[in-house]
Structure formats: structure tokens, C-alpha cells
Amino acid sequence: ISSLGGIGGSFFTPIINPPEVAILGVGKSVEKIFKQNGQLVSKKMLPISLSYDHRIIDGKESVGFLYNIKESLENPVEKLLDNNEKNLFS
């Protein structure tokens, strides 16, 4: 994980250094205004990017990884409960 958010970096593409196969870049979170159901709402946005070695990691898995991070950040309690149920009952 590489973070430039602490020094004001908004979005960047992290560089993979051998022997790494992937690196997650995290930028600075910002409040943005969106229109949702006809109403203006404020949401905190966190830019993230993933650089990875395509020889080792397929694009489909990387998108799934980023989606999992998104879901975990948006709904941490639900995600934890969901993962615990899967571990207990599967």
C-alpha cells in the first residue's frame, strides 16, 4: 500500500518494484456533491488505484479486489458480518 493522501496527493499510479506483484495506491479523501434521487447529497470519496503485474494477476481478479475494498469501506459492519457468516456456514 502506498498513500500520498497524507501529503495532499489526490490520485496517482503507484509503481511496482520487484519482487512485488501489485501495489494499492490511496489518495486523499474529499467531500463531493452528487445528485441522488433528485436531492443533492455530500459523499466522502477516496481515490484508490491498483497497479499489478498482468503476467501474474488477471484483470478480472484485480477488479474484484478493488470492488471488495469499496464494499468494505462503504459497509464495514455488514461486510464483516457477511464474511463471518460465510466462514461459519460454508
Path from Leu73 to Phe65 over hydrophobic side-chain contacts below 4.5 Å: yes
Hey, is the main chain of Pro14 close enough, under 3.5 Å, to the side chain of Ser51 for a donor-acceptor pair? yes
Sequence neighbours excluded - ring-ring contact (aromatic ring centres under 6.0 Å, His included) pairs with any residue from residues 35-57: Tyr52-His54
Please give the remaining members of the hydrophobic cluster of Leu40, linking ILVMFWY side chains under 4.5 Å, ordered by chain and number. Ile33
Got a second to check how far Leu50's CG is from Leu66's CG, nearest 0.5 Å? 5.0 Å
With sequence neighbours excluded, residues passing salt bridge (Lys or Arg N to Asp or Glu O under 4.0 Å) with Asp53: Arg55
Which residues pass the side chain to side chain contact (heavy atoms under 4.5 Å, CB included) test with Val21, not counting sequence neighbours? Ile56, Ile57
If hydrophobic clusters are built by linking Ile, Leu, Val, Met, Phe, Trp and Tyr wherever their side-chain heavy atoms come under 4.5 Å apart, do Ile1 and Leu46 end up in the same one? yes
Which Ile, Leu, Val, Met, Phe, Trp or Tyr residues join Ile16 in one cluster when any pair of side-chain heavy atoms under 4.5 Å counts as a link? Ile23
Calculate, to the nearest 0.5 Å, the distance between atoms CG and OG belonging to Leu24 and Ser3 respectively. 9.5 Å
Any residue meeting side-chain hydrogen bond (donor to acceptor under 3.5 Å, both in side chains) with Glu61, in chain and number order, not counting sequence neighbours: none
Listed by chain and number, what are the side chain to side chain contact (heavy atoms under 4.5 Å, CB included) partners of Leu4, not counting sequence neighbours? Ile7, Phe12
Any pair counted as side chain to side chain donor-acceptor pair (under 3.5 Å), so long as it reaches residues 17-31, sequence neighbours left out: Glu31-Ser42
List the residues meeting salt bridge (Lys or Arg N to Asp or Glu O under 4.0 Å) with Lys70, not counting sequence neighbours, and say none if there are none. Glu74
Of all pairs that satisfy salt bridge (Lys or Arg N to Asp or Glu O under 4.0 Å), the ones with a partner from residues 35-44, not counting sequence neighbours: none
Same hydrophobic cluster for Val63 and Ile69, using side-chain heavy-atom links shorter than 4.5 Å among ILVMFWY? no
The complete set of ring-ring contact (aromatic ring centres under 6.0 Å, His included) pairs with one or both residues in residues 13-48, sequence neighbours excluded, reads none
